[in-house]
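See structure below.
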Amino acid sequence: MEYNFRDIEKKWQQRWVAAQTYKVTEDENRKKFYVLNMFPYPSGAGLHVGHPLGYIASDIYARYKRLQGFNVLNPMGYDAYGLPAEQYAIQTGQHPAITTEQNIARYREQLDKIGFSFDWSREVRTCDPGYYHWTQWAFQKMFGSFYCNSCKKAQPIEKLIEHFEKQGTADLDVAQTEELTFTAAEWHAFDDVKRQQVLMNYRIAYLAETMVNWCPALGTVLANDEVVNGVSERGGHPVEQKKMKQWCLRVSAYAQRLLDGLDTLEWTDSLKETQRNWIGRSEGTEMQFKVAGSDVEFTIFTTRADTIFGVTFMVLAPESELVRQLTTPDQQKDVDEYLAYVKKRTERDRISDRKVTGVFSGSYAINPFTGEEIPVWISEYVLAGYGTGAIMAVPAHDSRDYAFARHFNLPIIPLIEGADISEESFDAKEGTVMNSPVAGKTALDGFSLNGCEVKEAIQKTKEFVTSHHLGRVKVNYRLRDAIFSRQRYWGEPFPVYYKDGMPQMLPEECLPLELPEVDKFLPTETGEPPLGNAKRWAWDTKTNSVVDNATIDNQTVFPLELNTMPGFAGSSAYYIRYMDPHNDAALVSPEADDYWQNVDLYVGGSEHATGHLIYSRFWNKFLFDLGVSCKEEPFKKLVNQGMIQGRSNFVYRIQNTNTFVSLGLKDQYDVTPLHVDVNIVSGDVLDIEAFKAWRPEYADAEFILEDGKYVCGWAVEKMSKSMFNVVNPDMIVERFGADTLRLYEMFLGPIEQAKPWDTNGIDGSHRFLKKFWNMFWNKETFAVNDEEPTKQELKSLHKLIKKVTEDIEVFSYNTSVPAFMIATNELAALKCQKRAVLEPMVILIAPFAPHIAEELWEELGHNTSVFDARWPLFDESALVEDAVKMMVAFNGKTRFAIEFPADADNATIEAAARNHELTPKYLDGKQIVKVIIVPGRMINMVVK
RNA sequence: GCCCAGAUGGUGGAAUUGGUAGACACGAGGGACUUAAAAUCCCUUGGCCAGUGAUGGCCGUACGGGUUCGAUUCCCGUUCCGGGCACCA
């Protein structure tokens, strides 16, 4: 019987749908397992062979866990909001909802052909009102919460108001934008607008005037992770800094928990490291500096408090409030000129040229340890957004301060013995401290660090600073709050209206607030976001409904928020929604959340390390504080699938001709390499007729061949349309079948690694499936018999069980595929067609090649799905060797000597070695140093 | 600059975590079947050397050292490639 994959795959895909084979429900009697893929953005280009890689890997795991008896949740959905659909809408006027719908339909069609075990009844789309209801809901909860530092969790804002009413800001330890100070009496005296403004300083979702990454080309702001090297991640457009009023999420409040949580996760070290870098914890000291001849005091942050005796100048960020206070009248002109210069420079300028620039403020700060006066400068190398926006400069031991000091001719005092600072600063945190204070001088309270190791000196200074009230120990994070507003149409609308310029939340029962229709998807003529084009976008507080803008009276009808939420809003809690996707009373029911807990295995690309994976951890922690999610971390284990790159092919055209020369001969000519569609190249040999037909200008092309063939060059590049190297999964499925595609993608190499797609090798996987299929057949008859398997046959089977089980547990699928091939070859050579061997083999291969497995399972006489069977158990005794080898090591060489029966105990073997019962030529009068028994058992012994 | 991960045949990659390096597949070469092609099957395939031959010897896991009876694996140094962070004080 021939392996007719087309019929088999079609048949089983239909049956799975009809029988709802992959639909799961909560079942208290079975242990759960939650497998999740990062849901895709449905782009217009459809899937290429790289996309399903992670889905196949997780599908194998999901099916394996199911075969082990777990109740497996393996859902799929779409991250449906995004820029491409909106850009397309701007160009064509086609509503993004329509484009998105079409793209989803195409994705679904492609996915269905590959045979995944997704429970489509749980599908979510971020653009569905039923879904974004809960995105809006979570936002409102964040608005209604503040972060309490001492209890380390989010709390309802009412608790904070209570605190203010009783004691103002006294004893307040909460996350805040800036440190405010007021008394209870003052709070009571504030009017409502003032109180709202004050509360904004503490809310987890808050509205603030902040410096944002503004991208003029996209007409919107971007989050830090969406900006790479000063240009937008999508499209590569320039980004500039601009002050705008934006919604923000106080992610920074969770910095420490986001950092600590990493230790509990089974993620790769590199991904954890990436997140640690992004969070950027830095432990240091905040110190107060008085200003000479003034009562102004300011605070700086440093990780090197020990270098206080080497401070020769101070530097303020140009944007700092202090600049105004500390600039002296005779320096005013220079400072103004400098500030104007800084303002002109974009983020990109700063990154590309690191010029040393700055200006003297005219003021002097007083070193709290020595009483010395230190000049205060202003320079763009100090960032307003980090620490306090002011630093103490220690040119001897910080390369930036060093460059500044050299440029402006400021003194440099070395503080580490033996460090050479004549050419560059010595930045390392090591060495013995000197000049602290300089010989002959004394510091406050006789404080001295001379002779200390740097680490010790840092600690000593911290203690001194704290005990003398010169400052305090402080931890800073690089992680900033996330900007949550986008000036875009295709995103979740904010459930917010404005009254007296202050935002008001829509009543919870009025959610979801649906995205309005607009005539144009571009910003309005007055520069408002696209929602400004909506005619019906006002909130009537009497009827609690959306009404026409014309009725706005600012008494009972108010304007609604015009911004929409960013892409990460909808993707931050989707894994929770999958647990209970049709619940319209809550994001998730406590029962469903309690059953599914969190994601056991999450598979997706590492490009989300500093975006989605930070935001959703933050979001989940917030929901955890709220009591909605029972687990603090959303993704227990995470596997990053590597990108599949394209393998591009090139033809070489001789300059100014229409003649193409084969790869081996191209060096003899002056040629231009041109990308050629990989689909008309096979084994790097060009199909010349197809090439001529490919493009009209090549119709009469001529060729210089080698050995009668045109050989193409190749290179590994990103898979993209413009490089003509896109390989489409549908084509592969059509030619070889889904099972072959699945097997081949796994065989290609380790899941985590980036690797080029090479269609050439796929025959091997396809051939294997044919061989596997043929094991069950004699010509046209199904030939599986009920004979007892031999020891040898059982050994092949159990080797396979062991290998495949171990491999799946560690995602090393690329080595399971060869194991199947070896077992199949061994059994075929033995002409084994025994049920007791082949039936377990079918179960083993089912996660990898589900269609063929189902078909054979049915042929084996079962009338249920193979996925209702149980994963075969490994029997150690089947693998026991008939003999063990003794290996003898002497004189630096390792040799094999004798074989013993497998059941020989160590004592027997040891005795044999002692009795020199060894092949004499290896002894030859030399000492045996050690005797080692392989494999598995090992004795180390010394024979004198 | 700092941090992380990696380097094995012509190619993708194996190696039970310190025990016969190169599994398996692709590619290449040779052969069988066939009128022919497709399909299928078999053999060879890290390098060098010796031998008619079965076979034997030497070298070999980026480079240089070290630990060990024994190192692709562990340690130190170097080079190269990939990733993250980056005027973050």
Side-chain angles (χ1 to χ4, degrees), chain A residues 2 229 268-282 284-285 300-305 307 315 317 350-351 354-357 379-383 385-394 397-401 403-404 424 427-428 476-480 606-607 609-610 640 642 647 683-684 714 743-744 747-750 752-765 767-768 770-771 774 799 802-803 806 812 814-822 825 879 885 887-896 926-936 938 940 942:
Chain A
E2 206 182 316
N229 291 329
T268 60
D269 290 341
S270 61
L271 193 76
K272 286 188 194 178
E273 199 56 31
T274 300
Q275 290 216 340
R276 286 194 189 105
N277 283 341
W278 188 258
I279 296 166
R281 184 182 202 272
S282 159
T285 314
I300 59 95
F301 175 76
T302 179
T303 54
R304 291 296 300 273
T307 58
V315 189
R350 279 201 183 188
I351 292 166
R354 297 198 170 170
K355 281 189 286 191
V356 179
T357 64
S379 173
E380 60 178 333
Y381 85 86
V382 173
L383 304 176
Y386 185 77
T388 59
I391 61 153
M392 63 179 212
V394 186
H397 303 290
D398 181 286
S399 51
R400 297 152 301 180
D401 298 347
F404 195 83
E424 54 182 7
D427 291 12
N476 262 324
Y477 300 91
R478 206 193 68 95
L479 184 73
R480 305 295 164 78
S606 57
E607 66 272 19
T610 53
N640 289 122
R647 188 177 185 279
D684 288 339
W714 62 274
L743 222 46
Y744 184 58
F747 180 61
L748 220 46
E752 283 101 336
Q753 225 164 75
K755 53 211 167 251
W757 177 264
D758 182 1
T759 306
N760 291 334
I762 201 164
D763 286 321
S765 301
R767 258 199 293 274
F768 157 69
K770 279 192 206 165
K771 275 191 208 170
N774 284 332
K799 251 188 349 201
K802 187 175 188 220
K803 178 74 180 149
E806 285 171 358
S812 173
N814 57 322
T815 59
S816 310
V817 179
F820 275 111
M821 294 180 180
I822 293 165
N825 281 340
L879 253 55
K885 283 177 184 166
M887 197 160 61
V888 181
F890 67 95
N891 256 24
K893 301 242 177 186
T894 307
R895 310 276 177 166
F896 284 111
K926 287 165 186 146
Q927 279 190 335
I928 297 172
V929 185
K930 273 181 186 171
V931 176
I932 301 149
I933 314 298
V934 287
M938 200 170 287
N940 287 329
V942 180

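Owing to the predicted nature of the structure, the values given are computational and were not obtained by experimental measurement. Each chain gets a letter, A, B and so on, in the order its sequence line appears, and its residues count up from 1.
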Considering all heavy atoms, the nearest [X]-[Y] contact:
{"X": "A:L383", "Y": "A:A317", "result": "C-CB, 3.8 Å"}
{"X": "A:L271", "Y": "A:A609", "result": "CD1-CB, 3.3 Å"}
{"X": "A:T303", "Y": "A:S282", "result": "CG2-OG, 3.2 Å"}
{"X": "A:A393", "Y": "A:D401", "result": "CA-OD2, 3.3 Å"}

For [N] and [M], measure between their [atom1] atoms and round to the nearest Å.
{"N": "B:C4", "M": "B:C75", "atom1": "P", "value": "13 Å"}
{"N": "B:C87", "M": "B:U8", "atom1": "C1'", "value": "41 Å"}
{"N": "B:A86", "M": "B:G10", "atom1": "C1'", "value": "41 Å"}
{"N": "B:G18", "M": "B:C26", "atom1": "P", "value": "32 Å"}
{"N": "B:U34", "M": "B:A39", "atom1": "C1'", "value": "11 Å"}
{"N": "B:A21", "M": "B:U72", "atom1": "P", "value": "8 Å"}

Under 4.0 Å, heavy atoms only, any strand: does [X] hit a base, just the sugar-phosphate, or nothing?
{"X": "A:N814", "result": "sugar-phosphate"}
{"X": "A:V817", "result": "nothing"}
{"X": "A:R480", "result": "base"}
{"X": "A:L383", "result": "base"}
{"X": "A:Q753", "result": "sugar-phosphate"}
{"X": "A:P756", "result": "nothing"}

Exercise. Under 6.0 Å from the CD atom of A:E424, do we count more than 12 heavy atoms belonging to anything else shown?
Worked result: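 Atom CD in A:E424 is not packed in, count stays at 12 or less.
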For this session: Could you check if the base of B:U20 is syn or anti? Syn means the glycosidic torsion is within 90 degrees of 0.
Result: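 B:U20: anti glycosidic orientation.
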Exercise. Is B:G66 in the syn range, within 90° of 0, or in the anti range?
Worked result: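 Anti conformation here, the glycosidic angle of B:G66 being more than 90° from 0.
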To the nearest Å, how far apart are [X] [atom1] and [N] [atom2]?
{"X": "A:F747", "N": "B:A23", "atom1": "CZ", "atom2": "P", "answer": "12 Å"}
{"X": "A:K755", "N": "B:A14", "atom1": "NZ", "atom2": "P", "answer": "10 Å"}
{"X": "A:D269", "N": "B:G84", "atom1": "CG", "atom2": "P", "answer": "17 Å"}
{"X": "A:I822", "N": "B:A23", "atom1": "CD1", "atom2": "C1'", "answer": "6 Å"}
{"X": "A:K770", "N": "B:C41", "atom1": "NZ", "atom2": "P", "answer": "9 Å"}
{"X": "A:K771", "N": "B:C42", "atom1": "NZ", "atom2": "C1'", "answer": "11 Å"}
{"X": "A:I279", "N": "B:A86", "atom1": "CD1", "atom2": "C1'", "answer": "17 Å"}
{"X": "A:D427", "N": "B:A86", "atom1": "CG", "atom2": "C1'", "answer": "13 Å"}

Counting only side-chain heavy atoms from C-beta out, which of [options] sits nearest to [X]?
{"X": "A:P818", "options": "B:G13, B:C4, B:C24", "value": "B:C24"}
{"X": "A:S270", "options": "B:A14, B:C4, B:A89", "value": "B:C4"}
{"X": "A:M821", "options": "B:A15, B:A25, B:A89", "value": "B:A25"}
{"X": "A:T815", "options": "B:A15, B:C3, B:C87", "value": "B:A15"}
{"X": "A:T274", "options": "B:A15, B:G84, B:A39", "value": "B:G84"}
{"X": "A:I391", "options": "B:A89, B:A23, B:G13", "value": "B:A89"}

Please confirm whether the shortest side-chain N or O distance from [X] to OP1 or OP2 of [N] is below 4.0 Å.
{"X": "A:R767", "N": "B:U40", "result": "yes"}
{"X": "A:S282", "N": "B:A89", "result": "yes"}
{"X": "A:Y744", "N": "B:A25", "result": "no"}

For this session: Could you tell me which residues satisfy side-chain hydrogen bond (donor to acceptor under 3.5 Å, both in side chains) with A:T759, sequence neighbours excluded, listed by chain and number?
Result: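 Per chain and number, A:T759 pairs via side-chain hydrogen bond (donor to acceptor under 3.5 Å, both in side chains) with A:W757.
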Exercise. Under the side-chain hydrogen bond (donor to acceptor under 3.5 Å, both in side chains) test, which residues partner A:R281, sequence neighbours left out?
Worked result: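 Expected list: A:Q256, A:E283.
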Grab the N/O contacts between the protein and nucleotides 29-32 of chain B below 3.5 Å, and write none if there aren't any.
none

Problem set entry | Stems involving RNA chain B, each a run of at least 3 consecutive Watson-Crick or G-U pairs under 3.5 Å |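 Ordered by first number, the stems with RNA chain B (at least 3 consecutive pairs each) read B:1-4 with B:82-85, B:10-12 with B:24-26, B:27-32 with B:40-45, B:46-50 with B:55-59, B:62-66 with B:74-78.
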Exercise. How long is the gap from CG on A:L748 to NZ on A:K755, to the nearest 0.5 Å?
Worked result: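 One finds 6.0 Å between CG of A:L748 and NZ of A:K755.
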For this session: Supply the atom-to-atom distance A:Q275 CD to A:S270 OG, rounded to the nearest 0.5 angstrom.
Result: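 Answer for the CD-OG pair, A:Q275 versus A:S270, is 11.0 Å.
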Problem set entry | Closest-nucleotide ordering on RNA chain B, the 5'-leading residue of A:K803 and A:K355 |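 Here A:K803 is the residue nearer the 5' end.
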Exercise. What residues form a side-chain contact (heavy atoms from CB on, under 4.5 Å) with A:R276, not counting sequence neighbours?
Worked result: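 So A:R276 forms a side-chain contact (heavy atoms from CB on, under 4.5 Å) with A:L259, A:L262, A:D263, A:K272, A:E273.
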For this session: Only counting residues at least two apart or in another chain, list the ones meeting ring pair (Phe, Tyr, Trp, His ring centres under 6.0 Å) with A:Y381.
Result: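 Scan of A:Y381 (ring pair (Phe, Tyr, Trp, His ring centres under 6.0 Å), adjacent residues dropped) gives A:F404.
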Problem set entry | Check: A:N825 and A:F768 side chains under 4.5 Å, non-hydrogen atoms |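 A side-chain contact under 4.5 Å is absent here.
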